[in-house]
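Throughout, numbering of the chain's residues begins at 1 and tracks the sequence.
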Amino acid sequence: MAHTTARQQKSMTVPLTAFAAGAVVAILVGVFGRVHDPTLDGTTNLGFRTVIDMKVVVATEIAVLVLFQVVSALWIYGKLGGTPAPRWLGLANRISGTTALVLSVFVAYHCLWSLGLQVGTLPNGQAVGTRTVVHGMLGCAVIGAIVVKVTAVRSRRAPGWFLPVAGGLLFSLLVLAVLTSAGWYIAAEGWPHRVG
């Protein structure tokens, strides 16, 4: 009994440390977003009219990859019933997850670098809207959740619940971040088009 309790406590070290590290990273990203002077230097628009247009398209691609992540993970773990997952699906899940992660960091960099974390009022005195504040906070939380998810994927000593919880957290935050940015933009402005 004592051995089992010690093992459970030891295994809880991984998720507790990962959640603490993720929270610290999210806070540090937010602090950087507040103290950094936003600039378009060092950004790209990938041929779109603006950096925001580019971020809308890439964020939508992330949303598609994240939806594939959830469906493929459920299939791999036998939660969809029916036929077993094909052998190639595990590799496709890892590739799509890595791609979504890289694209998320790419979008976060462009958000923080070109816009910063906007709260309160802008330099021109205009109040920052609630949607913008919520999106900024969600974006910081996404970066923290990426730390937690990467730890969950790499850890062999964590409890079995850690990976699905970390994945669900990241999925939920990413969906909310995309809805408060790309979803809102597409509803208000339509789909962005490339220049030329």
Side-chain angles (χ1 to χ4, degrees), residues 16 18-70 97 99-151 165-196:
L16 292 175
F19 282 117
V24 168
V25 167
I27 290 167
L28 290 175
V29 167
V31 168
F32 173 80
R34 289 294 299 144
V35 301
H36 167 71
D37 290 326
T39 178
L40 289 175
D41 294 341
T43 63
T44 181
N45 60 11
L46 297 179
F48 288 92
R49 187 174 45 89
T50 66
V51 170
I52 292 175
D53 286 358
M54 176 273 298
K55 290 188 320 151
V56 166
V57 172
V58 177
T60 304
E61 293 168 351
I62 292 167
V64 170
L65 289 169
V66 167
L67 289 173
F68 174 76
Q69 280 280 288
V70 169
T99 304
L101 179 125
V102 169
L103 291 176
S104 296
V105 171
F106 174 77
V107 168
Y109 163 78
H110 280 78
C111 284
L112 288 169
W113 195 257
S114 66
L115 300 170
L117 179 59
Q118 300 173 351
V119 296
T121 56
L122 297 172
N124 65 6
Q126 180 183 3
V128 176
T130 302
R131 181 203 59 82
T132 303
V133 173
V134 169
H135 173 70
M137 298 297 180
L138 286 168
C140 294
V142 163
I143 300 303
I146 286 172
V147 171
V148 176
K149 177 70 175 1
V150 168
T151 303
V165 167
L169 174 67
L170 181 56
F171 171 79
S172 300
L173 291 170
L174 271 170
V175 167
L176 291 171
V178 169
L179 288 175
T180 57
S181 60
W184 170 83
Y185 183 95
I186 292 167
E189 305 288 333
W191 185 255
H193 297 283
R194 289 185 180 268
V195 175

Chemist: Going by heavy atoms in the side chains, are Thr50 and Asn45 under 4.5 Å from each other?
Modeler: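 With C-beta onward as the side chain, the pair stays apart.
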Chemist: Determine whether Leu169 and Phe19 make a side-chain contact, defined as any pair of heavy atoms from C-beta on separated by less than 4.5 Å.
Modeler: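 Sidechains of Phe19 and Leu169: in contact.
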Chemist: Evaluate the criterion side chain to side chain contact (heavy atoms under 4.5 Å, CB included) for residue pair Thr132 and Leu115; output intermediate values, then yes/no.
Modeler: CA-CA 11 Å; Thr132 303; Leu115 300 170; over 6 Å; no
Chemist: For residues Ala18 and Thr151, report the shortest heavy-atom separation together with the two atoms involved.
Modeler: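 Minimum heavy-atom contact is CB-CG2, 3.6 Å.
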Chemist: Name all residues meeting the side-chain contact (heavy atoms from CB on, under 4.5 Å) criterion together with Ser181; count only those two or more places apart in sequence or in a different chain, and write none if there are none.
Modeler: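 In terms of side-chain contact (heavy atoms from CB on, under 4.5 Å), with neighbours along the sequence ignored, Ser181 is linked to His135.
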Chemist: Answer yes or no: is there a donor N or O on one side and an acceptor on the other, between the side chain of Trp191 and the main chain of Val57, under 3.5 Å?
Modeler: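 Between the backbone of Val57 and the side chain of Trp191 there is no qualifying donor-acceptor contact (under 3.5 Å).
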Chemist: With rounding to the nearest 0.5 Å, note down the distance linking CG in Leu176 to CE in Met137.
Modeler: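 Rounded to the nearest 0.5 Å, the CG-CE separation comes out at 15.0 Å.
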Chemist: Would you say the side chain of Val119 lies within less than 4.5 Å of the side chain of Arg34, judging by non-hydrogen atoms?
Modeler: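 They are in side-chain contact.
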Chemist: Assess whether side chain to side chain contact (heavy atoms under 4.5 Å, CB included) is satisfied between Ile146 and Lys149, documenting all intermediate values.
Modeler: CA-CA 5 Å; Ile146 286 172; Lys149 177 70 175 1; 5.7 Å; no
Chemist: Contact between Val148 and Leu170 at the side-chain level, heavy atoms closer than 4.5 Å - yes or no?
Modeler: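 Not in contact.
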Chemist: Nearest 0.5 Å please: distance from the CG atom of Leu179 over to the CZ atom of Arg131.
Modeler: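 So the CG of Leu179 and the CZ of Arg131 are separated by 11.5 Å.
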Chemist: Compare every heavy atom of Val133 with every heavy atom of Gln118, then report the nearest pair and how far apart it is.
Modeler: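 That closest heavy-atom pairing would be O-CG2, 3.7 Å.
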Chemist: Do you know which two heavy atoms are closest between Ala26 and Cys140, and how far apart they sit?
Modeler: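 Distance-wise, the nearest heavy atoms are CB-O, 3.3 Å.
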Chemist: What is the distance from atom CG of Asp41 to atom CH2 of Trp113, rounded to the nearest 0.5 Å?
Modeler: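 It comes to 8.5 Å.
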Chemist: Just say parallel, tilted or perpendicular for the rings of Phe106 and His110, cut-offs at 30° and 60°.
Modeler: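 Rings of Phe106 and His110: tilted, as their planes differ by 30° to 60°.
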Chemist: Roughly how far, to the nearest 0.5 Å, is the CG atom of Leu112 from the OG1 atom of Thr43?
Modeler: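 Reported to 0.5 Å precision, the distance equals 12.5 Å.
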Chemist: Working to the nearest 0.5 Å, report the span between SG of Cys111 and CG of Leu117.
Modeler: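 One gets 10.5 Å once the value is rounded to the nearest 0.5 Å.
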Chemist: Which heavy atom of Arg49 sits nearest to which heavy atom of Tyr185, and what is that distance?
Modeler: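 Shortest heavy-atom separation between Arg49 and Tyr185 comes out as NH2-OH, 3.4 Å.
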Chemist: Looking at Ala177 and Leu138, what are the two nearest heavy atoms and their distance?
Modeler: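 What the structure gives for the nearest pair is N-CD1, 3.9 Å.
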Chemist: Rounded at 0.5 Å granularity, tell me how far NE2 in His36 sits from OG in Ser114.
Modeler: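 His36 atom NE2 to Ser114 atom OG measures 8.0 Å (nearest 0.5 Å).
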Chemist: Considering all heavy atoms of both residues, which atom of Ala100 and which atom of Val66 are nearest to each other, and what is their separation?
Modeler: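 Shortest heavy-atom contact: CB-CG2, 4.4 Å.
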